[in-house]
Chemist: 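Before we start, here is the structure in question, set down as structure tokens.
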Amino acid sequence: AWGKKFVSMNMFGLGDSEFQFTVKFRNSNLNFTGKKGTKTIILRKAIEKFTGVPVDSQLLVLKGKKIEENDGGLGDFGIQKGSLIMLIGNTEKEIQFPSTPVQLDTLVFEENNNQARRVSRRLSSPLEI
């Protein structure tokens with residue numbers, strides 16, 4: 001829970017005036033100031049820093065439309081004063097991958113073996129009448 005945070009990206013703008021907008025992630029808001037010329041990749045990197053959601057895993061939605069590119073400026077995507085951007089994604093901690101390849105045949109065998117043990121236990125226990 002990162003709660004309410006306020007981040008200024010004014011040093012990355014290109015001479016236009018600053019405005020404030022919000023990124024909503026789950027039940028929290030992250031408030032930003034930026035400029036129309038601020039590149040969206042800067043926004044994505046700031047979002048990663050404060051939420052833990054990697055840039056490549058971020059789905060940003062503004063008024064029902066995906067913000068897909070990283071090269072455009074905030075203004076190119078219609079981000080303006082008071083905009084609310086929805087962030088959908090998982091943090092790196094939530095995404096855990098095994099360090100070695102997963103052998104599917106082994107998983108199937110283990111699952112079948114576990115089911116066989118459960119059935120065997122049920123069959124070997126005394127019947128209750």
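In what follows, residues are counted from 1 in the order of the sequence shown.
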Chemist: Using residues 71-92 as the side-chain source, report each donor-acceptor pair under 3.5 Å to any protein atom, sequence neighbours left out, with the distance given to one decimal.
Modeler:
| unit_1 | atom_1 | unit_2 | atom_2 | d |
| --- | --- | --- | --- | --- |
| D76 | OD2 | G73 | N | 2.8 |
| S83 | OG | Q80 | N | 2.9 |
| S83 | OG | Q80 | O | 3.0 |
| T91 | OG1 | E94 | N | 3.4 |
| T91 | OG1 | E94 | OE1 | 3.4 |

Chemist: Name all residues meeting the side chain to side chain donor-acceptor pair (under 3.5 Å) criterion together with S57; count only those two or more places apart in sequence or in a different chain, and write none if there are none.
Modeler: none
Chemist: Please enumerate all residues that pass side-chain contact (heavy atoms from CB on, under 4.5 Å) together with K45, with sequence neighbours excluded.
Modeler: I41, V55
Chemist: Would you say that R44 contacts I67 through its side chain, given a criterion of any heavy-atom pair below 4.5 Å between the two side chains?
Modeler: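 Yes, their side chains come closer than 4.5 Å.
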Chemist: Please name all residues satisfying ring-ring contact (aromatic ring centres under 6.0 Å, His included) with F19, sequence neighbours left out, ordered by chain then number.
Modeler: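 F19 satisfies ring-ring contact (aromatic ring centres under 6.0 Å, His included) with F21 only.
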Chemist: Does any non-hydrogen side-chain atom of F32 lie less than 4.5 Å from one of V23?
Modeler: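 In short, these two side chains touch, coming nearer than 4.5 Å.
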Chemist: Ignoring hydrogens and angles, tell me if any N or O in the side chain of Q58 forms a donor-acceptor pair with the backbone of I47 under 3.5 Å.
Modeler: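 Between the backbone of I47 and the side chain of Q58 there is no qualifying donor-acceptor contact (under 3.5 Å).
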Chemist: Nearest 0.5 Å please: distance from the NZ atom of K24 over to the CG atom of L60.
Modeler: 15.0 Å
